[in-house]
Number of protein chains: 2
Amino acid sequence: MPKSTFFNLPETKRRRIIDAALEEFSSKNYDQVSVSSVADAAGIAKGSIYQYFDDKLDLYRYLLDCAIGEKLAYFSDGVTLGGEDLFEDLEVLTAAGARFARDRPRYHELAARFAESPVRERILPDLKDQSAAFLRHMVDRAHDLGRIRGDVSPKLALYFLNTLLSEFGTYLLREYAADWNRVGSEDACDPVMREVGELMRLIRFGLAPTGEVPEDD
Amino acid sequence: MPKSTFFNLPETKRRRIIDAALEEFSSKNYDQVSVSSVADAAGIAKGSIYQYFDDKLDLYRYLLDCAIGEKLAYFSDGVTLGGEDLFEDLEVLTAAGARFARDRPRYHELAARFAESPVRERILPDLKDQSAAFLRHMVDRAHDLGRIRGDVSPKLALYFLNTLLSEFGTYLLREYAADWNRVGSEDACDPVMREVGELMRLIRFGLAPTGEVPEDD
DNA sequence: CATTATTATGACCGCTCGGTCACTCCAGGT
DNA sequence: ACCTGGAGTGACCGAGCGGTCATAATAATG
């Protein structure tokens, strides 16, 4: 946790430090980021960083907490989960993740980098497992309710969903990185929301033209 | 490129070095691997590494070349690509990737780690783009031939396939890491090949129970 | 203004890393 | 037995890192 000194800082300076650290940690891996570079980018001395944080990991963890807080805000809007329809729930999840990536791209990149990084084990050893466990629960229930094809193993279905959902934000940022209109955050005309809908149809019905049907095997 | 000294080495010693380096570079990121640790694992002095390779990157690149060579061998078996049926080609690709991951897990891990690593830009700036460009070509053609639903954008279809295929090997290793029977490399009873078939059905027909059909939008 | 408490600083420390090099070792030719 | 040249070695170097600390600057207090 940051030291009290950090929270006593004038708002503008605190923001400058957060932004500088966020810029660094969202564009490079934890080990590639040096405390000096963050200090330089924030326009302060390296020693000052240690007035605000216990160590490099403390700074990083604080940034992550901010990111998680922001992200949760997007997900807690859609409190409607656990419904009867798996695909409706999936769409709510995907849309929340997509809006987060669109509105808070640096935080998204930070979180994505973190998920793949070796430091993860030093902070949240099982973050991935948590989100995967949540998805697994949804998949198993849908399987029992017969809302997904009976002949797909839940394990593979979980892989299918987990992979597609967790990479989707990065895909959106890559494709729409340039200038997209940040208006209409839930508007169906929003290109991002159109992509979410398209992805959902791919997940439900696949790539094959409508009418083709799986033969038994 | 390794120095001639390396190729003059007795077979067993060369293998010991390759295996040691492979073990290190497949389990840690490039920057986390130290030349000393490789030397220790191989039972030689650090200075000796520099008798065989120009520098650390040279050693790493050599390993990658080995991995790519091995992998290509698996893919060149299925020379039948470019056929009429996208899904047949996809299955050939996926099966080759799956067999590679199953038979050469260390090489697979090395390649997977490389694809996400910052060193990639120092060696093959556009490796991902190559494989993506290949897939894009297949997707575009299938789109023109009407072999995939007309209402999915090729860009998203490319994301869909690229993500699912490139993570699939890692999924297999995670799920079957323990003891699987390495016999029957193409046998349909092989659990790995069963998974390939299942994944292909997911890609074609999605998760929804057969009979459900996408409404227009 | 003087005194005290708090914050800011960059020189410095210990460590690890990639890479070098003077030296040793050893096989084979004469 | 001697020489020679390639192969093997580990002490060593400079650079960069995370982290510390004596000191300086600033703010707060009376």
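First the proteins, then the strands, lettered A, B, ... as listed; each starts at 1.
- Between Asp190(A) and Arg102(A) a salt bridge is recorded (basic side-chain N to carboxylate O distance below 4.0 Å).
- Contacts of Val38(A) with the nucleic acid, taken as non-hydrogen atoms under 4.0 Å apart, are absent.
- One interatomic measurement links the two molecules: NZ of Lys3(B) to P of dG6(D), which rounds to 13 Å at whole-angstrom precision.
- Listed nucleotides dA7(D), dT9(C), dG19(D) differ in distance to Ser48(A); the shortest reach to its side chain belongs to dT9(C).
- Phosphate proximity of dG8(D) to Tyr52(B): present, with a side-chain N or O under 4.0 Å from OP1 or OP2.
- Separating the NZ atom of Lys56(A) from the P atom of dG18(D) is a distance of 4 Å, rounded to the nearest angstrom.
- Comparing dC17(D), dG19(C), dT9(D) by their closest approach to the side chain of Ser34(A) singles out dC17(D).
- Counting distance only, with no hydrogens placed and no angle test, the side-chain atoms of Lys46(B) and the base atoms of dG18(C) include a donor-acceptor pair under 3.5 Å.
- Evaluation of atom-type donor-acceptor distances gives no pair under 3.5 Å for the side chain of Gln51(B) against the base of dA7(D).
- Checked by atom type, the side-chain pair His108(B)/Thr170(B) shows a donor-acceptor distance below 3.5 Å.
- With rounding to whole Å, Tyr60(B) atom OH is found 15 Å from dG19(C) atom P.
- The CG atom of Leu57(B) sits 12 Å away from the C1' atom of dG18(C) (whole-angstrom rounding).
- A donor-acceptor contact under 3.5 angstrom links the side chains of Ser37(B) and Glu24(B), judged on distance only.
- Neither OP1 nor OP2 of dT7(C) sits under 4.0 Å from any side-chain N or O of Lys13(A).
- In this structure, Phe53(A) places its CZ atom 15 Å from P of dT20(D), rounding to the nearest Å.
- Comparing Gln32(A) and Asp54(A), the nucleotide of DNA chain D nearest to each residue sits closer to the 5' end for Gln32(A).
- Out of dA7(D), dT20(C), dG8(D), the shortest distance to the side chain of Asn8(B) is found at dA7(D).
- Rounded to an integer number of Å, the gap from Phe6(B) CZ to dG8(D) C1' is 15 Å.
- A salt bridge links Glu109(B) and Arg106(B); the closest N-O separation between the charged side-chain nitrogens and carboxylate oxygens is under 4.0 Å.
- Rounding to whole angstrom units, CD1 of residue Ile49(A) and C1' of dT9(C) are separated by 12 Å.
- In the set dG8(D), dT9(C), dG19(D), dT9(C) carries the atom at the smallest distance from any side-chain atom of Ala45(A).
- Atoms OH (Tyr50(B)) and P (dC12(D)) sit 18 Å apart, rounded to a whole Å.
- With salt bridges taken as basic N to acidic carboxylate O contacts below 4.0 Å, none links Arg99(A) and Asp103(A).
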